[in-house]
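Here the structure is a predicted model, which means the values were calculated and not measured.
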Amino acid sequence: MSKKAFIFDLDGVIVDTAKYHFLAWQKLAQELGIEFTPEHNEELKGVSRVRSLDIILELGGIQASQEDKNKWLIQKNEDYLSYLVDIDESEILPGVLPVLHYLKDKNQLIALGSASKNARPILEKTGIINLFDAIVDGNDVTNAKPDPEVFLQAAKKLNVTNENSIVFEDSVAGIQAANIANMTSIGIGEATTLHEAKYIFENFTFIDVSFIESLIN
């Protein structure tokens, strides 16, 4: 059996922590007098914290010094981390664990490819960090998706070619990054949003064993 690299995004794919990012950004936006809706939040999926702040400031037409931006970035992250204090395995999205365990049983390679700088503590708190053969997060890369750097690093760490790498993503930027890297892109979410993905599933409960087996073989 061939070995493939299965690369997973974190927020919105493995764990349901995307809601906490939204709450933290919304809190900051409100303090700055900017309306920030769930629809606006879609633009932040898969992009870096720095770029996310720029998008929010653009929404409000606010020009800010780098000093202010740095202060707000720290504030947002502290608010986000405060929501994570009590997270546990219940944050893992339905259907994810069976897929991860099946891949391990089949001796396949699993990596995390996430823009989050808090990926490791989240994986530890949810009790699944040991399932990953490689972790590449926001602390390891300089270019945000749709730049494929995070996925390229993950494949390199696993010593697997791009063509033999499969990426699970919930963001348009993430799907584009996988496609640019010539990896198999699997969208998790709405088909209308993730139409650039090679395969799309509403969530992991719709992914059956035969599909995973087809990816391996």
Q: Please step through side-chain contact (heavy atoms from CB on, under 4.5 Å) for the pair Ile180 and Lys145, ending with a clear verdict.
A: CA-CA 10 Å; Ile180 290 167; Lys145 304 165 189 174; over 6 Å; no
Could you tell me whether the side chain of [Y] reaches within less than 4.5 Å of the side chain of [X], counting heavy atoms only?
X: Glu78; Y: Ile74; answer: yes
X: Leu44; Y: Asn41; answer: yes
X: Phe151; Y: Ser165; answer: no
X: Ile207; Y: Tyr102; answer: no
X: Asp54; Y: Glu58; answer: yes
X: Trp25; Y: Tyr80; answer: no
X: Ile188; Y: Leu93; answer: no
X: Val150; Y: Asp9; answer: no

Can you tell me how far the [atom1] atom of [X] sits from the [atom2] atom of [Y], to the nearest 0.5 Å?
X: Asp133; Y: Leu109; atom1: CG; atom2: CG; value: 5.0 Å
X: Leu97; Y: Ile92; atom1: CG; atom2: CD1; value: 4.0 Å
X: Asn203; Y: Asp170; atom1: CG; atom2: CG; value: 12.0 Å
X: Leu158; Y: Gln153; atom1: CG; atom2: CD; value: 11.5 Å
X: Leu103; Y: Leu131; atom1: CG; atom2: CG; value: 10.0 Å
X: His40; Y: Glu35; atom1: NE2; atom2: CD; value: 6.0 Å

More than 12 heavy atoms of other groups within 6.0 Å of [X] [atom1]:
X: Glu190; atom1: CD; answer: no
X: Glu31; atom1: CD; answer: yes
X: Lys198; atom1: NZ; answer: no
X: Lys157; atom1: NZ; answer: yes
X: Asn159; atom1: CG; answer: no
X: Glu67; atom1: CD; answer: no

If you take all heavy atoms of [X] and [Y], which pair is closest and at what distance?
X: Ile56; Y: Ala29; answer: CG2-CB, 4.1 Å
X: Ser185; Y: Asn179; answer: OG-OD1, 2.7 Å
X: Asn143; Y: Glu149; answer: N-OE1, 2.8 Å
X: Ile7; Y: Leu112; answer: CG2-C, 4.3 Å
X: Ser48; Y: Arg51; answer: OG-N, 3.2 Å
X: Arg49; Y: Lys117; answer: NH2-CB, 3.6 Å

Q.
Do the side chains of Glu91 and Lys125 get close enough for a salt bridge, i.e. N-O under 4.0 angstrom?
A. no
(Q) Taking the basic N atoms (NZ, or NE/NH1/NH2) and the acidic carboxylate oxygens, is any pair closer than 4.0 Å for Lys45 and Asp11? (A) no
Taking [X] for its side chain and [Y] for its backbone only, find out whether a donor-acceptor pair lies under 3.5 Å.
X: Gln108; Y: Ile216; answer: no
X: Glu169; Y: Ile175; answer: no
X: His101; Y: Pro98; answer: no
X: Arg120; Y: Asp137; answer: no
X: Asn162; Y: Asn182; answer: no

Q. What's the verdict on side-chain contact (heavy atoms from CB on, under 4.5 Å) for Leu57 and Lys69, showing C-alpha distance, side-chain angles and the deciding distance?
A. CA-CA 10 Å; Leu57 294 178; Lys69 287 183 180 181; 3.9 Å; yes
Q: Taking ring-ring contact (aromatic ring centres under 6.0 Å, His included) as the test, write out the residues that go with Tyr199, two or more places apart.
A: Phe211
Q.
My understanding is that only residues two or more places apart in sequence, or in another chain, count here; which of them pass ring-ring contact (aromatic ring centres under 6.0 Å, His included) with Phe168?
A. Phe8, Phe204
Hydrophobic cluster membership, [X] vs [Y], 4.5 Å side-chain cutoff:
X: Met183; Y: Ile110; answer: no
X: Leu123; Y: Leu100; answer: yes
X: Val15; Y: Phe132; answer: yes
X: Val13; Y: Phe201; answer: yes
X: Leu152; Y: Val141; answer: yes

Identify, with sequence neighbours excluded, every residue that meets side-chain hydrogen bond (donor to acceptor under 3.5 Å, both in side chains) alongside [X].
X: Ser210; answer: Asp208
X: Tyr83; answer: none
X: Lys4; answer: none
X: Ser90; answer: Asp88

Q: Go through the steps for Leu10 and Asn118 under the test side-chain contact (heavy atoms from CB on, under 4.5 Å), then give the verdict.
A: CA-CA 10 Å; Leu10 181 65; Asn118 302 298; over 6 Å; no
Q: Decide salt bridge (charged side-chain N to carboxylate O under 4.0 Å, His left out) for Asp79 and Lys76; before the verdict, give the C-alpha distance in whole Å, the side-chain angles of both, and the deciding distance to 0.1 Å.
A: CA-CA 5 Å; Asp79 285 334; Lys76 182 268 170 182; over 6 Å; no
Q) Between Ile186 and Leu215, does a side-chain contact (heavy atoms from CB on, under 4.5 Å) hold up when you go through it step by step? A) CA-CA 11 Å; Ile186 301 177; Leu215 294 173; 3.7 Å; yes
